[in-house]
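Since the structure comes first, as structure tokens, the remarks are kept for the end.
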Amino acid sequence: MTEDTIDNSLLSNLHRHNPWWKNGVSAFDELNIPAQKKSDFYGFASPHKSEPAPDGVDVYALVGQRGVGKTVLISQFIRQRVKEDGIPPQNVLYIPFDEKPLYQLQSNDQLRRAVNYYEGRILSQVFENDAPQYIILDDIHRIEHPNKSLEGWGKEVKSLINEAEDRHVILTASAELQIERELKRVGFDSDRYSVWPIFPEKFSDHIQSVFPELGEDERRLSPRPIRKGETGLPNACRTGDPTQFFETLRELYDSVEADSSRIRSQVAHYLALGGVLSYEAEGIDSASNLSDDTYKRRREDVRLSLYQEIPGLDAVKNIADLERLCALVAADLESPFRYNRLSDLFDVDRRTLRESYFEALDKLFLLTPSPEYDNSRPRSIRLYLRDTALVNSYLGHNPSEVLNDYQLESKLARAMAFDHSMRFSFNMNRYAGYDFDDYDPPAEPTVEYWPGTEGEVDFVFECAGVPVPIGLGYKAGSMEPTTNAVAEFIETYEAPLGIVVAGDTATLPEPVQVLEETPIVRIPYWFYLMLA
């Protein structure tokens, strides 16, 4: 290969990044790719279907914040396609643009030289090759130049697609906007690409990491029965009859009841770890095993992301204010924020808060606003950090302190319940789109809150066009006001059902209980997280 210079830095390292060209399937035995596959893998690589998701479009993108596992998913995808599905190893070209800063200089020229070498020296070795080809550009956003006159990466990607049949380009980036903006700029039709968000590891993935046997088919809790068909939540919302949905919840609980104590024991540790750290420390069963500086490093990673990614989102004049906003949210996880107070603190108007501050952080999956349901001009808004380890880092705790602070645990439980409600909403509406031909699911999930006269409904989302109220009674003594608030919402909006999520301190006559004379079902907190 050539000497590692500015012009040829990428080319000179191409074989190192693609060891399967030389070593075939044996290369994957030495790459230290995690064996555990988080749930995102199955929607991406589709190992049990006829073709993986990227084969359905010309360009497929995975987007998510630093540390959520996009590169690991890519590695597992390559291993699946080559080792398990049997495509020629020469059919995969992988380029990590964040590996070396030199790759990001004259990036289009370097990419073109790398592809020319790949096509002339590697791909040409395979004769009668009918298998799909994959050109994988990891961290493509690192080479974008939104504020400069330099040519973006879109034109080169468009050329790569047009130069070969059955070729698919897979991209990773931090935010959907980074993909859509560049592809739109070069006139790439929206039906030719797909963008899939990757979030921090959810609770069910954490459980399967700590207890691998619970990931086996006969023991794994699959929420599919409550997502689609006659037993699903979308059907219950459509018909107004939640009977089968409630019965299916009981059956799902019964399927994991024998392991419930083990699963429940991990709630506090997961809240202390958060999804990113849980994924990094695969299989860790106690947050007390984390070093005292773990949270500090997590916060530094987020700070780096803010300064690297936000300029590309054209969002905020003072980027440091975004970190201050995250710290403010971490300090008060229970109360809605008044718009006037936020405007005074950051010296910006309400529109700037919504369209710049909130939007920028939301696009990076760091912080998500939760507006008031059915109020076009609310005075307050709830804000949630999407990773509880980030909350802990801004509060200045260490992992052991978090495990021993029940009041903090209950606050973290609210933040994590919101995150999983966002996932719950997305999956329910996605399957509603499959089940009902006349239903077009929303492009992005939205979870709101509702302040009633009897109390507050913590989370409200619409499924199949019908509102679903969810109340959280995590702390002792909160169950009655939470249940009353959900009942009031049901009466006000004629909702067909409601869900109350109970913490471990609640005294329940049975784990999954439909309350008398109401369409309200009460379920344990850990079970709700497992269903998301």
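Along the sequence shown, the residues carry numbers beginning at 1. When reading the values below, keep in mind they use all heavy atoms of this one structure, side chains included, and skip hydrogens, waters and symmetry mates.
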Distance-only donor-acceptor check, side chains [X] and [Y], under 3.5 Å:
| X | Y | result |
| --- | --- | --- |
| Asp241 | Thr243 | yes |
| Tyr439 | Asn429 | yes |
| Tyr253 | Glu510 | no |

Do other residues, nucleotides or ligands put more than 12 heavy atoms under 6.0 Å from the [atom1] atom of [X]?
| X | atom1 | result |
| --- | --- | --- |
| Lys475 | NZ | no |
| Glu251 | CD | yes |
| Glu230 | CD | no |
| Glu334 | CD | yes |
| Glu213 | CD | yes |
| Arg379 | CZ | no |

Are the side chain of [X] and the backbone of [Y] linked by a donor-acceptor contact shorter than 3.5 Å?
| X | Y | answer |
| --- | --- | --- |
| Glu409 | Ala268 | no |
| Thr388 | Leu271 | yes |
| Ser265 | Arg262 | yes |
| Asp362 | Phe358 | no |
| Gln76 | Pro34 | yes |

Using 4.0 Å as the upper bound for N to carboxylate O, is an ion pair formed by [Y] and [X]?
| X | Y | answer |
| --- | --- | --- |
| Arg250 | Asp254 | no |
| Asp387 | Arg298 | yes |
| Glu180 | Lys184 | no |

Looking at [X] and [Y], what are the two nearest heavy atoms and their distance?
| X | Y | answer |
| --- | --- | --- |
| Arg414 | Glu456 | NH1-OE2, 4.3 Å |
| Leu390 | Ser393 | O-OG, 2.7 Å |
| Phe246 | Pro519 | CZ-O, 3.5 Å |
| Pro441 | Gly433 | CD-CA, 3.9 Å |
| Thr482 | Gly473 | OG1-CA, 4.0 Å |
| Pro132 | Ile87 | O-CD1, 4.3 Å |

- prompt: Should the ring pair Tyr384 and Phe459 be called parallel, tilted or perpendicular, given that the plane angle runs from 0 to 90° and is split at 30 and 60?
  reply: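 Plane angle between 30° and 60°, so tilted.
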*Quick one: are Thr483 and Glu480 in side-chain contact, heavy atoms under 4.5 Å?*
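Answer no - side chains too far apart.
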Side-chain contact, heavy-atom cut-off 4.5 Å: Tyr339 with Ile381?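 Tyr339 vs Ile381: side chains touch.
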Return the CG to OH distance between Asn235 and Tyr431, rounded to the nearest 0.5 Å.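 Reported to 0.5 Å precision, the distance equals 15.5 Å.
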Axial cation check for Tyr434 ring with Lys228, 6.0 Å and 45° limits
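Checked: cation-pi criterion not met.
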Check: Would Arg382 count as a cation-pi partner of Tyr449, with NZ or CZ less than 6.0 Å from the six-membered ring centre and within 45° of the ring normal?
Finding: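 Yes, a cation-pi geometry.
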For residues 486-498, run the donor-acceptor check on the side chains, cut-off 3.5 Å, and write out each pair with its distance to 0.1 Å, sequence neighbours left out.
residue, atom, partner, partner atom, Å
Glu488, OE1, Thr453, N, 3.1
Glu488, OE1, Thr453, OG1, 3.4
Glu488, OE1, Glu454, N, 2.9
Glu488, OE2, Thr453, N, 3.1
Glu488, OE2, Thr453, OG1, 2.6
Thr492, OG1, Glu488, O, 2.8
Tyr493, OH, Asp374, OD2, 2.9
Tyr493, OH, Trp450, NE1, 3.2

Report task. Determine which pairs satisfy ring pair (Phe, Tyr, Trp, His ring centres under 6.0 Å) with at least one residue from residues 61-80, sequence neighbours left out, and list them in order. Result ->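 For residues 61-80, and leaving out neighbouring residues, the ring pair (Phe, Tyr, Trp, His ring centres under 6.0 Å) pairs sorted by first residue read Phe44-Phe77, Phe77-Tyr134.
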Please list every donor-acceptor pair under 3.5 Å in which a side-chain atom of residues 524-532 meets a protein atom from a residue at least two apart or in another chain.
residue, atom, partner, partner atom, Å
Tyr525, OH, Ala413, O, 2.7
Tyr528, OH, Ser421, OG, 2.6

